[in-house]
2 protein chains.
Amino acid sequence: MTFDKAIRLIRENGMKRTPSREALLRLFASDGRYLSAADVRQALAYEHPAMSLDTIYRNLSSFAELGILEETELGGERKFRMHCDRDGHHHHFICMECGRTEELDLCPMDEAAGLLPGFTIEDHKFEVYGRCPDCAVAK
Amino acid sequence: MTFDKAIRLIRENGMKRTPSREALLRLFASDGRYLSAADVRQALAYEHPAMSLDTIYRNLSSFAELGILEETELGGERKFRMHCDRDGHHHHFICMECGRTEELDLCPMDEAAGLLPGFTIEDHKFEVYGRCPDCAVAK
DNA sequence: CTCTCTGCAAATAGTTTGCAGCGGC
DNA sequence: GCCGCTGCAAACTATTTGCAGAGAG
């Protein structure tokens, strides 16, 4: 998702365009990795040293609710990345070393649903963890 | 995994057979759901009211390391269930209402690996969430 | 008798909330 | 100027750790 579209969504939902939010969205628009609140704070330490963790937490949660960010739980932390606008539902590979993500054009749910007659499916999670080619070499 | 096999694993790793551990393993052997430390405490409140959360945390972590328990992150909590000894790698459906789990004879990794040439895959997670037939009706 | 396990208490990490002032619109 | 946004401080939740005594082998 682009920075502009995210801003539009924010305005459409009656939220204000503030410097904090601009900085957060700009960061996520340019960094494809999953970032924790602490990661975000560090990334913005130079540009926005005054931005508090509270603000980061509050905004990341709001953004996730609006569908601007995708959320996952990684190593006991909530992590976020910009939502992919691409056609088609898909999942991600996540590099444990550098955090790089790769889209996987694959969703096992069609098959899985057939194995669960009578069950109501509401959500699912499929993530692959490992090392990207760069980090695999470095090891 | 059976209670007896779990006890054997514990002994083989130089750990002692204590009343706490017996109670924990007996619980997991009879309850197929994913349980948090707090869930376990409540389940054992009558039989072992003195067992502290500390003990529960420490033992669940040890058991998970030995492969006796499987671990997952659900709603921001670490949850555990007895490891399935069944042949073949598989995943789970988890009922969001009652916690019931269902085994899914399906793993998307074979396909996924083909989409990631040059990447080193170390782990993956595939879980399906929803309501089991009983809970779907109750809604 | 030794060495592990346990409960207690305190510490820690990540996250959330109440409040009063600041700042978009 | 109004109402939402922010920083501060404090609270909260889940979890971990140091320590000294209790208990398994």
Side-chain angles (χ1 to χ4, degrees), chain A residues 3-4 6-27 34-45 47-66 68-81 99, chain B residues 3 6-27 34-45 47-66 68-69 71-81 99:
Chain A
F3 173 85
D4 291 333
I7 290 284
R8 203 179 321 135
L9 274 170
I10 285 188
R11 306 305 311 283
E12 285 170 5
N13 283 79
M15 295 169 65
K16 293 181 178 172
R17 172 178 187 147
T18 65
S20 304
R21 287 176 180 164
E22 282 185 19
L24 289 170
L25 292 173
R26 232 182 287 282
L27 171 62
Y34 275 102
L35 303 175
S36 68
D39 294 335
V40 170
R41 182 157 169 71
Q42 192 175 355
L44 298 181
E47 217 190 330
H48 291 265
M51 194 186 307
S52 70
L53 267 178
D54 319 73
T55 297
I56 296 173
Y57 277 118
R58 267 187 284 230
N59 281 317
L60 296 192
S61 293
S62 305
F63 294 168
E65 241 173 90
L66 295 187
I68 295 174
L69 298 181
E70 296 178 19
E71 192 177 348
T72 193
E73 192 95 22
L74 223 56
E77 278 179 322
R78 290 173 69 188
K79 297 207 167 201
F80 302 83
R81 56 162 285 151
Chain B
F3 174 85
I7 290 284
R8 201 178 323 134
L9 274 170
I10 284 188
R11 306 305 312 282
E12 285 170 5
N13 283 79
M15 295 168 66
K16 294 182 177 171
R17 171 179 187 147
T18 66
S20 304
R21 287 174 180 164
E22 283 186 16
L24 288 170
L25 292 173
R26 230 183 289 281
L27 171 62
Y34 275 103
L35 302 175
S36 68
D39 293 335
V40 170
R41 182 157 168 73
Q42 192 175 354
L44 298 181
E47 218 190 329
H48 293 265
M51 193 186 308
S52 70
L53 268 177
D54 319 74
T55 298
I56 296 173
Y57 277 116
R58 269 188 283 231
N59 281 319
L60 296 192
S61 293
S62 305
F63 294 168
E65 241 174 90
L66 295 187
I68 295 173
L69 297 181
E71 190 178 349
T72 193
E73 191 94 23
L74 223 57
E77 277 178 324
R78 289 174 69 190
K79 297 206 165 201
F80 302 83
R81 57 162 286 152

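Every chain is numbered from 1, with letters handed out A, B, ... down the list of sequences. As a basis for the values below, the full set of heavy atoms in this structure was taken, side chains included, without hydrogen atoms, waters or symmetry mates.
Here D:dT6 is the nucleotide among D:dG4, D:dG25, D:dT6 with the atom lying nearest to any side-chain atom of A:T55. Candidate nucleotides C:dG14, C:dT16, C:dG23 were compared by shortest atom distance to the side chain of A:S61, and C:dT16 ranks first. Considering only side-chain atoms of A:P19, the nucleotide from C:dG24, D:dA24, C:dG14 that sits closest is C:dG24. Among D:dA14, C:dT6, C:dG14, the nucleotide with an atom closest to any side-chain atom of B:N59 is C:dT6. Proximity note for B:M51 (side chain, C-beta onward) versus C:dT4, C:dG7, D:dG4: the nearest is C:dG7.
The shortest distance between the side-chain N/O atoms of A:T18 and the OP1/OP2 oxygens of D:dG4 is not below 4.0 Å. The phosphate of D:dG7 (OP1 or OP2) has a side-chain N or O of A:S52 nearer than 4.0 angstrom. The shortest distance between the side-chain N/O atoms of B:R78 and the OP1/OP2 oxygens of C:dG14 is not below 4.0 Å. For D:dT16, neither phosphate oxygen OP1 nor OP2 lies less than 4.0 angstrom from any side-chain nitrogen or oxygen of B:Y57. Listed pair A:S20 / D:dT6 meets the phosphate criterion, a side-chain N or O lying under 4.0 Å from OP1 or OP2. Residue A:R58 places none of its side-chain N or O atoms closer than 4.0 Å to OP1 or OP2 of D:dC5.
The separation between B:N13 atom CG and D:dG25 atom P is 15 Å, rounded to whole Å. Atom P of nucleotide D:dA14 and atom CG of B:L35 are separated by 15 Å, given to the nearest angstrom. If you take CD1 of B:I10 and C1' of D:dA24, they are 13 Å apart, rounded to a whole angstrom. B:M15 places its CE atom 11 Å from the P atom of C:dT4, with the value rounded to the nearest Å. Distance, A:E73 CD to D:dT15 C1': 13 Å, rounded to whole Å. The CG atom of A:D54 sits 17 Å away from the P atom of C:dA20 (whole-angstrom rounding). Remark: P of D:dT15 and CD of A:E77 are 15 Å apart, rounded to the nearest angstrom. Straight-line distance from the CD atom of A:E12 to the C1' atom of D:dG4: 18 Å, rounded to whole Å.
Looking at heavy atoms from C-beta onward, B:Y34 lies out of side-chain contact with B:D39 at the 4.5 angstrom threshold. No side-chain heavy atom of A:L44 sits less than 4.5 Å from a side-chain heavy atom of A:I56. Contact annotation: the side chain of A:L27 approaches that of A:L35 to within less than 4.5 Å [non-hydrogen atoms, C-beta and beyond].
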Determine whether A:L60 and A:R78 satisfy the following criterion, side chain to side chain contact (heavy atoms under 4.5 Å, CB included), listing intermediate values before the conclusion.
CA-CA 10 Å; A:L60 296 192; A:R78 290 173 69 188; over 6 Å; no

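Checked by atom type and distance alone, the side chain of A:R17 never pairs as donor or acceptor with a backbone atom of A:R11 at under 3.5 Å.
The residue among B:R11 and B:A37 whose nearest nucleotide of DNA chain D is located toward the 5' end is B:A37. Positionally, the nearest nucleotide of DNA chain C for B:R21 lies more toward the 5' end than for the other of A:K16 and B:R21. In this structure, B:I56 and A:L53 both approach DNA chain C, and ranking their closest nucleotides by distance from the 5' end singles out B:I56.
Within 4.0 Å (heavy atoms only), A:A50 reaches sugar-phosphate atoms of the nucleic acid but no base atom.
The line from CG of B:L24 to CD1 of B:I68 is 10.5 Å long, rounded to the nearest 0.5 Å.
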